Amino acid sequence: MAKFLEYQGKEYFKKAGIPVPEGEAVDTPEAAAAAAEKIGKPVVVKAQVLAGGRGKAGGVKLVSTPEEAAKAAGEILGMEIKGLTVKQVLVEEQLAIKQEFYAGLIINSAHDVRGPVLMFSPEGGMDIESVPEDKIATLNVDVTKGLMIHDTLDMCVTMGVQGGALRPLADVVLKLYNAFRRNDCRALEINPLVLTEEGKVYAADCRMEADDQAVFRHPEFGIKIGREFLKEPTELDLMGWSYEASDFRGTSYIAEMASPEETAAGGYVGYHGIGGGAAMLGMDALNKVGLKVADYADTSGNPTASKVYRTVKLIMSQPNIEGYFLSGFMMANQEQWHHAHGLVKALREELPKRPGFPVVLLLCGNKEAESQQILKQGLADLDARVEIYDREHVYDAKFIGGRVRTLVDEYRQDKAAA
Ligand code: GDP
Ligand code: MN
């Protein structure tokens, strides 16, 4: 899912008319002091990482002066929270909290719901999972009807909200739903939703996750890769994603696993799996014979030959790789001849450029005989180090891994002799 940092999500809150404290995201203690100076009040300094529980982890500090803000930022920047390094902090106007509420929406994909579920609780500030069920009002929203202010007023009243806080709280909950829909979210949460001593309501936190499948219609998100991708994309990653962005037939997932500096040390193979489980099996087989993957690529879900072709070309473009391995450890029910055509075209272009380069192809599944014929005929006249395997070896990861190792060793010997 496309995840947003708190300060990024709060920009979408502002657009939706949800009040947020005045604040600024910064990445140095000096900038934190300047931000606190500008706000001109006591501030809270908050770690910006894609994880909850920052408060408990020491990533949220309340301070009174710009000097203290700088000190707090210095402590928080570089901190590790749930394995994530803090690179930015949000410096924000401190709120005088009277009560903390919770408001959130998620998509429940269970068969009997299949839609957004709205939740409101007067017990904010802690994990919603640890709040007793009777303290949470929930509503399955019918998206065709939408949500009305009387719905959110109802939820707040059920949870005991009364007086002057009722209207502004119900108003924020309604706006939260509107923001959720407008931004194609899978989850959008305010915890805590704060009622201040002055009777004002603010979103003091934000957790926002948008649907990867909808990222294409939100250029304003500035998300480079519209799928779960837990690292800063490299040039190779972005090229891989461009095949998906321009062609949604089947999937091709490509991620760089080692930099050219790392692969220069040797022992890396261009890696191409078909299906997640099969791909893991293949990586294991390589690791067991002392080889590593330069990239992770997976073409499945009946990709077109052109998509497979582009993927193979990209894998082969990696510097320092000592072989190419198609790890089709599965009886895929996709039409495998698309793979065969894409492979033949790419390898016919690439292999003449590098004599003796090792290639091991394991391809099984639907239309296997036809696919094997395409591969064998298509590559037959090449003077190349290619081995092609079918279902006879689909359970034989050890053997296949051994073949990759042997061919890589032969290739190294050839090169050393030349
Ligand atoms: P999380 O722990 O990652 O969910 O981070 P939050 O943004 O929710 O902050 C954790 C807690 O810090 C909140 O539940 C509040 O109790 C506290 N906190 C955050 N901002 C303020 C503030 O402006 N004033 C006060 N008094 N407390 C705050
Ligand atoms: Mn929170």
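Keep in mind that what you see is a predicted model, and the values were worked out from it rather than measured. Each ligand, and each atom within it, is numbered from 1 in the order the structure gives.
At the shortest separation from atom 23 (O) of ligand 1 among protein heavy atoms lies L95 N, 2.8 Å. Of the protein's non-hydrogen atoms, G55 N, 2.9 Å is the one closest to atom 2 (O) of ligand 1. Scanning the protein for heavy atoms near atom 25 (C) of ligand 1, the closest one is I97 CD1, 3.4 Å. Protein heavy atom in closest approach to atom 19 (C) of ligand 1: V60 CG1, 4.3 Å.
Here D205 reaches the Mn ion (ligand 2): one of its N/O/S atoms is less than 2.8 Å from the metal.
Numbered from 1 in the order shown, with element, the atoms of ligand 1 that lie under 4.0 Å from a heavy atom of G125 read 14 (O). The contact set between ligand 1 and D205, taken as ligand atoms under 4.0 Å from a residue heavy atom, comprises 1 (P), 4 (O), 5 (O), 6 (P), 7 (O), 8 (O). Atoms of ligand 1 lying under 4.0 Å from at least one heavy atom of P192, given by number and element, are 8 (O), 13 (C), 14 (O). Residue V44 approaches ligand 1 through these ligand atoms, each under 4.0 Å from one of its heavy atoms: 23 (O). Close approach of ligand 1 to G52 (heavy-atom distance below 4.0 Å) involves ligand atoms 3 (O). Residue K46 approaches ligand 1 through these ligand atoms, each under 4.0 Å from one of its heavy atoms: 6 (P), 7 (O).
Y253 and E244 share no donor-acceptor pair across their side chains, judged by distance under 3.5 Å alone. Side-chain atoms of E24 and Y7 include no donor-acceptor pair closer than 3.5 Å. For the residue pair Q336 and N366, no side-chain donor N or O sits within less than 3.5 Å of a side-chain acceptor on the partner.
Checking side-chain atoms of E262 against main-chain N and O of A258 turns up no donor-acceptor pair under 3.5 Å. Distance alone, capped at 3.5 Å, places no donor-acceptor pair between the N302 side chain and the Q334 backbone.
Scanning E100, E189, M126 for the heavy atom closest to atom 14 (O) of ligand 1 points to E100. For atom 5 (O) of ligand 1, the nearest non-hydrogen atom from the set K61, E6, R54 comes from R54.
Across F180 and P116, no two heavy atoms sit closer than the pair CE2-CB, 3.7 Å.
Between Y324 and F357, the gap from one ring centroid to the other reaches at least 6.0 Å. Taking the six-membered ring wherever Trp is involved, the centroid distance between the rings of Y12 and F221 falls below 6.0 Å.
Residue contacts with ligand 1: G53 is placed with a nitrogen or oxygen under 3.5 Å of a nitrogen or oxygen of the ligand (distance criterion only).
Residue-level proximity to ligand 1 for N191 is carried by the backbone, the only part with a heavy atom below 4.0 angstrom.
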Please assess F329 against Y395 for the test ring pair (Phe, Tyr, Trp, His ring centres under 6.0 Å), listing each intermediate value before the final yes or no.
CA-CA 7 Å; F329 283 105; Y395 296 122; 9.5 Å; no
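Comment: D409 engages R405 in a salt bridge, judged by a side-chain N to carboxylate O separation of less than 4.0 angstrom.
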